[in-house]
Amino acid sequence: MGANAASILNQLLHGVRRPNSPPPGPGAAKAVTQTILGHLEAGRLQEAVSVLFASHEPVAHSLYARLFQLCSSAQAALEARKVEFHLGTFNRTPPAFLLNRAIEAYGKCGCLTDARELFDEMHERDGGSWNAMIAAYVRNGRAKKALSLFSDMNASGVSASEVTLASVLGSCGAVRELGLSMQIHGLMVKRAFCGNVILGSSLVNVYGKCGVMDDSRRMFDEMERPNAVTWNVIVRRYLEMDDEREAIVMFFKMFLTDTRPLKFTFSNALIACSKICALAEGMQIHGFTIKVCLEDDEVVSSSLIDMYVKCVELEFAQKIFDQPCAKNVVSWTSMVSGYALGGRIGKARELFNEMPERNVISWNAMLAGYIRSRQWDEALNFISLMRSSTKDVDHVTLALISNLCTGLSDVFMGKQVHGFVYRCGLFSHLLVSNSLLDMYGKCGNFRYARACFYLMSQWRDKVSWNSLLTSYARHQRSEHAMEMFSEMQWETMPSVFTFGTLLSACANISALDHGKQIHGFMIRRGYKIDIVIRGALIDMYSKCRCIKYALKVSMETAPRDVVLWNSIILGCCHNGLGKDALELFDVMSKEGIQPDHGTFQGLLRACICEDLVDMGGRIFKSMTNVYGVIPRLEHHEQMIELFSRAGWMRELKKFVKTMRIEPTVSMLKRIHGACQKHEFPELGEWASKLLAESNISDPCER
DNA sequence: AAATTTGCCC
């Protein structure tokens with residue numbers, strides 16, 4: 001494109017230079033220069049260049065240099081070409097330093113072809129020419145080109161200056177060129193460039209980007225006077241290596257020096273706090289921002305709001321958000337997201353509706369809220385609203401819609417999402433393909449799940465493996481899940497997510513040895529035994545009839561959440577310890593944990609195995625009256641089981657007749673059986689009549 | 001500077 005434009009320009013130029021135009025009189029050049037300077041002083045670069053262009057006399061080198069510089073900062077490619085043409089036409093061999101300025105100007109304008117042509121045609125290149133050309137590549141994101149030119153430079157015997165090395169190190173960071181960076185580091189030591197703070201910071205940066213944080217930190221510690229940029233780099237690199245603690249520590253260290261943090265450093269440190277919910281540190285940083293009068297800055301206040309949102313301190317976030325200067329799309333989206341993911345969907349939607357402008361991220365934040373709180377219908381409505389309000393749909397939107405299909409167990413809709421993803425060319429996006437894989441797997445469509453999994457061979461990660469593994473385990477294919485685990489280790493490392501699933505698989509097939517091996521493996525390899533893993537361990541040990549271990553794991557350490565308690569209570573029931581289960585419920589209540597559906601299934605199961613019919617009845621009533629947990633189908637089934645086993649037929653009748661739900665076929669069968677055993681025909685006939693009717697209306701249910 | 005996939009009980 002550049003060459004094409006240049007050739008058109010050449011034609012134009014030849015038209016301008018008429019051969020029979022009168023020769024310029026004496027003093028004409030001076031007049032031209034004056035006119036040009038006049039235009040420049042008034043900021044009219046275009047006019048100045050036009051005057052030069054029409055003139056048939058060379059001007060002073062310094063004027064060319066100034067024009068090139070102005071073209072650079074104004075990013076005026078056409079003007080730069082005109083100046084270069086004039087320079088080349090009226091100077092047989094223009095000095096290298098001027099041509100270097102031209103290369104710089106082309107680089108700044110993004111005209112790499114022009115820059116390179118000029119560079120290649122130069123008769124005499126100096127170090128500056130190489131620098132200018134390398135910098136042009138770097139500026140336009142062509143890191144590999146920059147590095148290959150650097151190698152040409154070395155081959156041609158030109159020695160690199162500090163300026164060159166700074167550009168080159170930047171490119172090394174972009175393409176993770178650790179080897180070359182280390183060579184440059186060596187060269188810097190040899191040429192005593194190590195005191196150069198820009199080069200030092202570049203090395204801290206490049207080592208961090210290449211993932212060798214220890215080297216990055218050593219370089220940082222060796223630097224005598226790290227500046228604000230150096231500090232920013234080290235904080236940022238720790239953050240990107242997921243070492244949020246160290247990022248925060250470095251930020252606080254910085255505050256002990258006299259260096260004033262850049263506002264980006266504030267936001268980097270705040271992001272680190274957000275990621276690990278470090279509220280106390282975040283609040284201290286908030287204090288610092290006030291101290292240096294940056295709390296009103298747009299970027300800093302957005303970061304503060306997001307920090308409070310992520311630490312679930314919505315009141316604090318709201319307080320900052322209420323300041324007029326803090327309101328922009330980003331902070332607004334943070335607030336919506338905070339309320340939405342915190343379950344305060346109504347408040348989130350209110351705020352969303354008030355937004356003066358929204359982008360795709362704002363829409364996604366709201367949609368994520370509906371899906372997180374399993375409000376499927378609202379999510380569907382919101383999606384149609386989104387489709388009619390904006391053209392914006394990105395990979396996150398598609399992953400969210402795929403999750404919605406998973407929640408609805410709607411493979412049909414899921415396939416439509418898949419088709420849409422395919423047409424957008426987004427299937428190779430890891431987030432999207434993982435969501436689709438998960439959708440097929442969780443819906444039990446293993447043919448499609450497998451197909452996705454193989455198509456993803458080139459880019460799948462441990463999330464893909466975990467997702468498929470879990471889908472198998474949840475569809476009663478635990479052995480298959482265990483086999484996949486061995487296969488998985490050829491490709492990626494297992495994570496706590498993997499072990500959570502595997503332990504549950506072991507529990508379901510009573511594979512105590514496997515379960516113990518996993519437990520031991522996790523301890524030996526230093527995996528964190530978090531609350532989910534502890535729940536899975538308790539479940540595994542108790543289902544494998546190893547209640548001693550189960551109780552040991554459960555009582556070892558707090559905290560315990562409701563799922564963990566449910567595992568303990570159910571675990572006791574599995575081992576015939578109903579009374580203990582009921583006692584443990586009191587301990588759970590004393591810890592202030594609210595029971596849920598699962599808890600009551602455990603308690604009713606305890607009553608069944610201990611024949612505590614009265615107690616069961618009281619517990620069932622307390623669900624609605626005391627705990628506000630609406631009994632589900634399973635609880636009704638358990639009550640029927642409880643009365644039937646004990647032969648409490650009148651109570652059974654009363655319960656069945658006052659149930660708020662329709663009796664299922666399996667309930668009717670259980671009732672019918674009990675009535676026969678305990679000779680209670682009045683209810684038995686009712687049950688068999690209903691069974692006969694359901695056989696006609698629903699032949700599939702048998 | 002904001003949204004995003006995988007795990008335990010029922």
Side-chain angles (χ1 to χ4, degrees), chain A residues 263-264 266-268 270-271 274 297-307 309-310 326 328-338 340-341 358-369 371-372 394-400 402-403 406 429-439 441-442 460-471 473-474 494-507 530-540 542-543 561-571 573-574 596-602 604-605 632-635 638:
Chain A
K263 53 187 182 177
F264 298 106
F266 274 106
S267 59
N268 284 330
L270 286 166
I271 293 170
S274 309
D297 179 85
E298 211 179 341
V299 174
V300 173
S301 62
S302 298
S303 306
L304 279 169
I305 289 173
D306 197 54
M307 184 273 295
V309 163
K310 295 281 159 58
N328 59 43
V329 200
V330 174
S331 57
W332 212 303
T333 305
S334 283
M335 291 306 297
V336 168
S337 164
L341 298 182
R358 309 179 184 100
N359 58 26
V360 67
I361 300 182
S362 332
W363 285 93
N364 289 345
M366 192 61 228
L367 179 58
I371 292 173
R372 175 80 63 92
D394 70 354
H395 60 284
V396 177
T397 321
L398 292 171
L400 285 169
S402 173
N403 292 345
T406 313
H429 200 296
L430 189 58
L431 178 80
V432 177
S433 43
N434 273 340
S435 307
L436 287 170
L437 169 70
D438 195 55
M439 183 272 297
K442 295 281 153 62
R460 69 191 175 203
D461 65 350
K462 65 183 64 181
V463 174
S464 330
W465 282 92
N466 289 340
S467 164
L468 192 56
L469 209 76
T470 306
S471 295
R474 284 199 193 163
S495 66
V496 280
F497 286 77
T498 324
F499 293 123
T501 296
L502 286 178
L503 286 169
S504 141
C506 292
D530 64 16
I531 195 162
V532 175
I533 292 297
R534 280 166 54 223
L537 281 170
I538 293 163
D539 188 52
M540 185 273 294
S542 57
K543 283 190 180 148
D561 64 1
V562 64
V563 176
L564 195 94
W565 273 109
N566 292 351
S567 303
I568 300 170
I569 289 171
L570 271 162
C573 298
H574 291 135
D596 69 357
H597 292 100
T599 321
F600 286 107
Q601 282 183 45
L604 293 175
R605 177 76 56 83
R632 290 182 183 172
L633 195 81
E634 296 84 351
H635 303 102
Q638 285 181 313

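Reminder, nothing fancy here: chain letters follow the sequence lines and each chain counts from 1. These numbers were taken from a predicted model, which means no experiment stands behind them.
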Which is true for [X] with a 4.0 Å heavy-atom rule: it touches a base, it touches only sugar-phosphate, or it touches nothing?
X      : answer
A/L468 : nothing
A/D596 : nothing
A/K310 : sugar-phosphate
A/G535 : base
A/D394 : base
A/S302 : base
A/L431 : base
A/R474 : sugar-phosphate

Does a side chain donor of either [X] or [Y] reach within less than 3.5 Å of an acceptor in the other side chain?
X      : Y      : result
A/T406 : A/N403 : no
A/D438 : A/S435 : no
A/S303 : A/D306 : no

Original post:
Considering residues at least two apart in sequence or located in another chain, which fulfil the side chain to side chain contact (heavy atoms under 4.5 Å, CB included) criterion with A/A473?
Top reply: A/A481, A/T501, A/A505
Subject >> Boundaries of the DNA chain B segment in contact with chain A, non-hydrogen, under 4.0 Å >> reply: B/dA1 to B/dC10
Subject >> Aromatic ring pairing A/H635/A/H597, orientation class (parallel under 30°, perpendicular over 60°, tilted between) >> reply: tilted
Original post:
Quick one: side chain to side chain donor-acceptor pair (under 3.5 Å) partners of A/S301, sequence neighbours excluded?
Top reply: none
